Amino acid sequence: MAAATSTTSQQFLADSALAEVLERAAPILGRPLPPSPTSDWMSKFSDDTKLGDLNLPGTHDATTWDYSEARKAALEKYTGPLRAAAFFRCQERSLLQSLNDGIRVLDLRLGYNPGNSTIGFYHGLAVLSPTTTLQDVLYGLYNWLTAHPTEVIFVSILQEAGSGTPYDKTFEEILYATLNNEVGKRFWLPLSGELGTLGAARGKLVLLQRFTYQFLSRAPSNPFGIHLGADQWTPNGWNIKLVYNREHKRVAHIQVRAVDMRDTCCPLVPPDSGADANICSKFGAVTAHLQRAMRPPKTDQASEEFYISFASAHANDDKVPLTPNIIALGNGTTRGMNERLLPWFKQHKGQRFGIVFLDFYHSEPELVEAIIGL
């Protein structure tokens, strides 16, 4: 009887501790929601499916979903005055809701939380929560995977250079410790420089490492994940060819059309060209890269090539600025990226697209399923 009571008490303590972490994570993670028909879509694919052959919808700047004008006003005491929230916001659905909606790649951008030595979340200069930590959110993702053991979550991690927060040895030490603690070792896919199969990855996170350790001699890279160092991302790249495993010549192909080393995607058109010209340019760049992904690899060495496309966009400085929501949703007179992409994906159903990062994906309810191929 005493042993049973002790076990019950231990479980209560564990549940209480997890609940506290999830509450702290909620401003970035969101709150648990009932599952949806797309919550477990990977269960429909066989275990021997290669991860590199899956079509994976993702959310660009995934943690900006709650960055409203009210939220910005409350956080400007940490950042000083900033431009309108629309310049920073790229999503409207939480990480947990996005996962239930079928999103399987999350773009997380990091910097120091204000006033303390913990790692939190940014988009540019905008701090997104002053108290939520990377570890809090990762525990939330681990918890989601325990409820959806057939699924895999790809997590893209980089330090947000535009945040104005320092990148130093302490930052690297905290990041390394967070990714490599004992709990993390249970949930990160323990493969380095390769992707492998869906069966081996179910219930795991796959790291897309968009940073390179500069100060930690013990950790030139994590012992797992795909290293996509930010220093190898060329500005305004149409098709960045990045070798992530030199021994086996494994390559990632990345389309960004970026204005800087981050993936804040901005089409190359003259200033003040307007929404339609910008969206047309972006749509052409994205679909051209998707068509490259559709071509089968020519050699065995290319069997783990994978493709990353950004259908998302960065706000520009035109006289009438274009914000991410205008590129994604249009402006009432011209169609946005999401509306243009939906029929394109339907037309090419059954093809390989790779990872496709989206802004405001929910504006077209069928878009995620069209990318997946369901």
Side-chain angles (χ1 to χ4, degrees), residues 25-33 36 38-39 56-72 75 82-111 120-129 132 134 136-138 140-141 144 153-158 160 162-163 208 210 256 258 262-266 279 282 286 308-315 322-330 336-339 341-342 355-372:
I28 297 295
L29 184 70
R31 299 186 184 281
L33 296 163
S36 69
T38 47
S39 295
L56 300 164
T59 44
H60 160 250
D61 272 299
T63 57
T64 61
W65 63 275
D66 195 33
Y67 198 72
S68 62
E69 281 298 322
R71 186 76 174 149
K72 179 178 77 78
L75 296 176
L82 296 175
R83 297 200 292 180
F87 285 91
F88 301 97
R89 189 170 188 169
C90 299
Q91 307 298 333
E92 288 185 342
R93 295 197 167 186
S94 72
L95 271 60
L96 290 180
Q97 184 170 5
S98 298
L99 292 173
N100 281 0
D101 288 343
I103 294 294
R104 288 296 175 269
V105 192
L106 302 174
D107 173 21
L108 307 184
R109 304 182 175 217
L110 311 178
F121 300 89
Y122 283 78
H123 182 196
L125 292 170
V127 61
L128 303 175
S129 171
T132 303
L134 173 62
D136 297 333
V137 170
L138 290 180
L141 299 183
W144 188 88
I153 305 172
F154 285 68
V155 183
S156 171
I157 289 179
L158 76 159
E160 180 75 322
S163 67
L208 302 179
R210 290 185 54 192
V256 287
R262 297 166 294 154
D263 56 12
T264 45
C265 315
C266 184
I279 295 169
K282 182 67 181 178
V286 172
I308 302 175
S309 300
F310 284 84
S312 53
H314 174 55
L322 297 178
T323 52
N325 64 311
I326 292 175
I327 298 294
L329 310 178
M337 280 291 294
N338 294 349
E339 186 178 352
L341 282 171
L342 178 57
I355 293 173
V356 184
F357 281 106
L358 304 164
D359 285 344
F360 302 100
Y361 69 89
H362 67 285
S363 68
E364 297 293 331
E366 300 177 49
L367 182 57
V368 168
E369 292 189 19
I371 293 172
I372 296 167

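Keep in mind that what you see is a predicted model, and the values were worked out from it rather than measured.
Of all the heavy atoms in Leu56 and Val105, the pair that sits closest is CB-CG2, 3.7 Å. Between Ala126 and Leu82, the shortest heavy-atom contact is CA-CD1, 3.8 Å. For Ala328 against Phe360, the heavy-atom pair with the smallest separation is CB-CD1, 4.0 Å. When all heavy atoms of Pro57 and Val368 are compared, the pair lying nearest together is CG-CG1, 3.8 Å. Across every non-hydrogen atom of Ser94 and Leu29, the tightest pair is CB-O, 3.6 Å. Ala313 and Asp359 make their closest contact through N-OD2, 3.2 Å (heavy atoms, listed as atom of the first residue, atom of the second, distance).
Every residue two or more places apart in sequence or in another chain that forms a side-chain contact (heavy atoms from CB on, under 4.5 Å) with Ser363 is listed here: Leu329, Asn338. Every residue was checked against the side chain to side chain donor-acceptor pair (under 3.5 Å) condition with Thr64, not counting sequence neighbours, and none meets it.
Leu358 is not listed as a side-chain neighbour of Thr59, based on a closest heavy-atom distance of 4.5 Å or more. Counting only heavy atoms from C-beta outward, the side chains of Leu95 and Thr63 approach each other to under 4.5 Å. With contacts defined as side-chain heavy-atom distances shorter than 4.5 Å, the pair Leu110/Leu134 qualifies. Looking only at side-chain heavy atoms (C-beta outward), Tyr361 and Arg93 come within less than 4.5 Å of each other. Within the 4.5 Å cutoff, the side chain of Leu99 has heavy atoms near those of the Leu141 side chain. Arg31 has its side chain out of reach of Leu96: every pair of non-hydrogen atoms, C-beta onward, lies at least 4.5 Å apart. At least one side-chain heavy atom of Phe121 sits less than 4.5 Å from a side-chain heavy atom of Leu108. Side-chain atoms of Asp61 and Gln91, non-hydrogen and from C-beta on, never get closer than 4.5 Å to each other.
For the atom pair CD (Glu369) and CD (Glu364), the distance works out to 13.0 Å, reported to the nearest 0.5 Å. Note that CZ of Arg89 is 10.0 Å distant from CD of Glu69, once rounded to the nearest 0.5 Å. Here CD1 of Ile103 is found 9.0 Å from OG1 of Thr38. Values are rounded to the nearest 0.5 Å. We find the CZ-CD1 distance between Arg104 and Ile153 to be 7.0 Å, quoted to the nearest 0.5 Å. Remark: Lys282 NZ to Leu341 CG distance equals 10.0 Å, nearest 0.5 Å. In this structure, OG in Ser39 is found 3.5 Å from CG in Asn100, a value given to the nearest 0.5 Å.
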Point to revise | Steps toward side chain to side chain contact (heavy atoms under 4.5 Å, CB included) verdict (Val286, Met337) | key: CA-CA 10 Å; Val286 172; Met337 280 291 294; 3.9 Å; yes
Check your understanding: Taking it one step at a time, do Ile327 and Leu322 satisfy side chain to side chain contact (heavy atoms under 4.5 Å, CB included)?
Key -> CA-CA 7 Å; Ile327 298 294; Leu322 297 178; 4.2 Å; yes
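In this structure, the side chain of Thr132 does not engage the main chain of Ser129 through any donor-acceptor pair within 3.5 Å.
At least one test fails for Arg71 against the ring of Tyr67: distance under 6.0 Å to the centre or angle within 45° of the axis.
In this pair, Phe310 and Phe357 present their aromatic rings parallel. The plane angle is below 30°, not in the 30 to 60° band.
Checked options Ser156, Ser312, Pro324; the residue passing with His60 is Ser312 (criterion: side chain to side chain contact (heavy atoms under 4.5 Å, CB included)).
Counted by atom type alone, His123 and Glu160 present zero donor-acceptor pairs between their side chains at under 3.5 Å.
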